[in-house]
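A short worksheet on the structure shown next.
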Amino acid sequence: MDILTSMIIIAYAFVPLFKVSIAADSIGLSQSISNGNTLVSQGGTFELGFFTKSNKSYLGIWYKNIRIQKVVWVANRVNPINGSNATLTLNSTGNLVLSQNGSVVWYTTPQKQAHNPVAVLLDTGNLVLRNEGESNPEDYLWQSFDYPSDTLLPGMKLGRNLRLGLDWTLTTWKSPDDPSPGDVSEGLVLHNYPEFYTMKGTEKFFRYGPWNGIEISGIPGSPSTTILDFTFVTNNDEIYYTYSFNNNSVISILVLNQTSTVRYVWDDQDQNWRIYTLDPKDFCDTYGLCGAYGNCMITQLPVCQCFNGFSPKSPQAWISSDWSQGCVRNKPLSCNDTYTDDGFVKFEGLKVPDTTYTWLNESMGLEECRVKCLNNCSCMAYTNSNISGAGSGCVMWFGDLIDMRQFQEGGEDLYVRMSASDIVNNEELEDRSKKNTRSIVAATIVSICGVLLLCIYFIWRIRKKIAVRSQRQLNDLDLPLFDLPTVAAATNDFSMNKKIGEGGFGPVYRGKLLDGREIAVKRLSSLSKQGMTEFINEVKLIVKLQHRNLVKLLGCCIHGQELMLIYEYMANSSLDSFIFADTKGKVLEWPQRFNIICGIARGLVYLHQDSRLRIIHRDLKASNVLLDDSLNPKISDFGMAKTFGGDQTEGNTNRVVGTYGYMAPEYAVDGLFSVKSDVFSFGILLLEVISGRRNRAYYHMDDNLNLVGYAWTLWKEDRPLDLIDIKIGNSCDVSEVLRCIHVSLLCVQQYPEDRPTMASVILMLGSEMELVEPKMPGSISRNVSMETYVRSCSTNEITITLLEAR
């Protein structure tokens, strides 16, 4: 036992047996907090107390008023407490001591002498020890910000304190239920040209690149913005990176997990954490993927390419996508006494190589840097260390150049040492490329003009034919046709103050006809990916559908390229405007929500089995359920719907349409759709109505769980009532809500054959029949296979219209 530990234990023994438990932001000498008591920062932002994981207790800090708790700092990561009788005390020597049954579990080691010390939890999330009356951070005796866990808060430093020998490094939790340090860490490595790494054990996993005067060079786009303010500081005392949000109301954390570093932002409206940034971003961020002198180009196949003047060291391995051996020079360097046979080729837009073997001079200019590098046979490349302004400083690389990638935007210039003949070849290639480019551009312009003229002519012919055919189809439907002047007058010429929404089809306007009827006008946007086919499809479907829970189509309008659908007006807009909003959400108490759930179910039963044709909606979501003035639900937007005749029950498509977050896995990935696809979407919608949360967000930070995964976790832990929206807590029928949660999990099961039909859903919702135990849901996290096929979709409310089924 060392002297310091002995002193702490002795001092602790003399603390009076009566300890004062407080609920303020600080504790003084001989005061303490125990399990069940907490410190709350002065502004009410952060809370310090005890939490439990896997039946073990830890002292930690978390945001006070965020219901999805994320512990941002843990004191006793390596020494958990068994039981709940631990105490945190500020003892007579000025140390914070965490103890259990007289044994020290964890303690602080102040850097300075304490006199009248106090421990304070600040609104930054920093737990500090300071002498009473001293608030300057330079005078802190100790602070939790010097000992990060897996989370970097705004204002925290990531780097190194050279004067005190402190490493400000993030380390993952070993697992979501084990805060002890994992094997993945992130921090600063002090090369001559320092840079940040994510390490898995002792292996480099991801390299951020050095600071280049503007940004962290390996992640272009990292400089300060109107939202984020990044700072990099280097001096004799410390080297670190930190960030802050320019808007103080924004709550953000940067969390290191086993595979990535994620910056989350708290969405106060939706009450969940949203991803703001994610590193590594793609395959090319894999450390050393392409080996020496290999350049990773994410837009190429294969992604690894050798620089001009280099070839794969092992062509056979290269062909089989093993690029680890990298590239070698086609011609060796001469490096003779006069150095006249070597030179440099400039490569642009790069992530500069690993800086392990570098030399740095921050005052040397680029030309002097070139000469110095040329005169050293071991120098393989050079560039400016600071690219701001005209550029300044000199950094030189020795040995092989490792871990480079090509950026489409941003990146840096790198001057790579080459033999004289390779330099000539590169210059000839550039000249030939410029001449070829000029010739190609001229020929291309002429060709494009001709093709455009032909295209315009054919498009005109095709559109004319489509318009005639479409008009004939609409006439056959015996549907009221409105002329453009009538619709324009009803909507005040489509004025902005009449606009009530925007969908994949286009804008929606509220209007009033001369006979007093209120209408909703859905106007096809010229930018919409939906066209005449979807327009006719929706008209043909809805005109024949009559059900109290389906929106009523009053007519349509076709005037040249103008395509409009005229619906009955729904006074309360869409369901999503209620359940995801704090104020309007309080209007929908549980009885109203249950009525909406049953109404949607009845509408789907009509579509699936009671209408003339079996209809699969394919885009059921909260924004496509409208509410009338009595809050009765009506399913809308049938532009994506598919019809079946006879005994057909399922289909397949190469053009998957719908909304990410609501799509059944077999449909999103393989293009297979059936009535069970709509059942899956209904299950998602049911969970959203119960919880007041969107499916797209994360509800468990370490497992990346979406709403389905979160609900499944609560179900398996026998805590399903934790899912209930706090806005309806006092109005809900617990048994009814439990049955709805049970039904929702049956609807979102992985395999279609396990899901009930909508007719069975109505029976289950309206009776007390015993329900089978649900199986694993189809998608419990955002890291699902279907995500790899989505080309341009990142939120729950983006409609997918170009997603190739595999």
Side-chain angles (χ1 to χ4, degrees), residues 41 43-47 60-73 122-126 145 148-158 170 172-173 176 186 196 198 208 215-216 219-231 241-257 259-281 576 579-582 585 660-661 688 691-707 709-710 726 781-783 787 792-798:
S41 63
T45 306
F46 285 95
E47 185 170 25
I61 298 173
W62 54 85
Y63 279 99
K64 167 68 175 173
N65 295 315
I66 292 182
R67 64 179 181 179
I68 303 174
Q69 186 189 73
K70 173 64 179 79
V71 177
V72 299
W73 179 79
L122 305 180
D123 270 323
T124 59
N126 194 8
F145 272 16
S149 296
D150 68 331
T151 304
L152 192 73
L153 295 171
M156 286 182 70
K157 299 174 181 179
L158 188 69
L170 299 180
T172 57
W173 284 27
E186 180 175 303
F196 294 90
T198 300
Y208 283 87
E215 60 190 4
I216 295 174
I219 46 173
S222 59
S224 299
T225 65
T226 55
I227 300 175
L228 279 169
D229 184 19
F230 291 89
T231 304
Y241 146 87
T242 188
Y243 77 96
S244 61
F245 273 78
N246 295 326
N247 184 344
N248 291 331
S249 65
V250 174
I251 296 175
S252 168
I253 54 177
L254 187 146
V255 181
L256 178 68
N257 61 41
T259 60
S260 56
T261 303
V262 187
R263 190 185 307 280
Y264 295 97
V265 175
W266 178 253
D267 188 325
D268 213 24
Q269 181 176 352
D270 286 349
Q271 289 291 294
N272 15 56
W273 291 103
R274 290 189 178 180
I275 289 181
Y276 187 75
T277 62
L278 182 71
D279 294 303
K281 290 182 173 62
D576 65 326
I579 60 175
F580 302 135
D582 285 338
Y660 178 67
E688 291 185 333
S691 66
R693 310 178 190 183
R694 298 184 190 274
N695 183 47
R696 71 167 183 256
Y698 290 92
Y699 294 98
H700 192 294
M701 303 287 293
D702 298 301
D703 285 340
N704 288 347
L705 295 181
N706 58 13
L707 181 58
Y710 180 58
I726 57 173
S781 102
R782 292 281 297 274
N783 296 327
E787 196 166 4
S792 60
C793 171
S794 61
T795 73
N796 205 41
E797 293 303 320
I798 293 179

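- Interatomic distance, CG of L153 versus OG of S252, reported as 8.5 Å (0.5 Å rounding).
- Looking at every heavy atom in both residues, K64 comes nearest to G44 through CB-O, 3.3 Å.
- Taking CH2 from W266 and CD1 from I251, the interatomic distance works out to 8.0 Å, rounded to the nearest 0.5 Å.
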I would like to know whether E47 and I61 meet side chain to side chain contact (heavy atoms under 4.5 Å, CB included); could you show each step before the answer? CA-CA 6 Å; E47 185 170 25; I61 298 173; over 6 Å; no

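- Considering only residues two or more places apart in sequence or on other chains, D279 meets the side-chain hydrogen bond (donor to acceptor under 3.5 Å, both in side chains) condition with K281.
- The two atoms that bring P154 and S244 nearest to each other are CB-CA, 4.2 Å, heavy atoms only.
- For W62, the ring pair (Phe, Tyr, Trp, His ring centres under 6.0 Å) test picks out no residue, with sequence neighbours left out.
- Scored by the ring pair (Phe, Tyr, Trp, His ring centres under 6.0 Å) test, Y243 finds no partners at all (sequence neighbours excluded).
- Of the options V255, T151, D150, L152, a side-chain contact (heavy atoms from CB on, under 4.5 Å) to L170 is made by L152 and by none of the others.
- Taking the side-chain hydrogen bond (donor to acceptor under 3.5 Å, both in side chains) definition, one finds that Y63 meets it with nothing, sequence neighbours left out.
- The minimum heavy-atom distance linking G709 with N706 is given by the pair N-OD1, 3.0 Å.
- Listed for the N126 side chain is a donor-acceptor partner under 3.5 Å among the backbone atoms of F145.
- Under the rule for a side-chain hydrogen bond (donor to acceptor under 3.5 Å, both in side chains), T242 has no partner lying at least two apart in sequence or in another chain.
- Partners of S41 under the side-chain contact (heavy atoms from CB on, under 4.5 Å) rule, at least two apart in sequence or in another chain, are T45, F46, L121, D123.
- Shown here for R693 and L707, the closest heavy-atom pair between the two residues is O-CD2, 3.4 Å.
- S149 pairs by the side-chain hydrogen bond (donor to acceptor under 3.5 Å, both in side chains) definition with nothing, not counting sequence neighbours.
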After noting the C-alpha distance and the side-chain angles of I68 and N272, does the key distance pass the side chain to side chain contact (heavy atoms under 4.5 Å, CB included) rule? CA-CA 7 Å; I68 303 174; N272 15 56; 4.2 Å; yes

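- Looking at every heavy atom in both residues, M156 comes nearest to P148 through CE-CB, 3.8 Å.
- No side-chain heavy atom of V262 sits under 4.5 Å from any side-chain heavy atom of T277.
- Taking the ring pair (Phe, Tyr, Trp, His ring centres under 6.0 Å) definition, one finds that F196 meets it with nothing, sequence neighbours left out.
- For R274 against R694, the heavy-atom pair with the smallest separation is NH2-NE, 4.5 Å.
- Residues that satisfy the side-chain contact (heavy atoms from CB on, under 4.5 Å) test with T261, not counting sequence neighbours, are E186, T198, Y208, L254, L256.
- For the atom pair Y241 OH and K157 NZ, the distance stands at 14.5 Å (nearest 0.5 Å).
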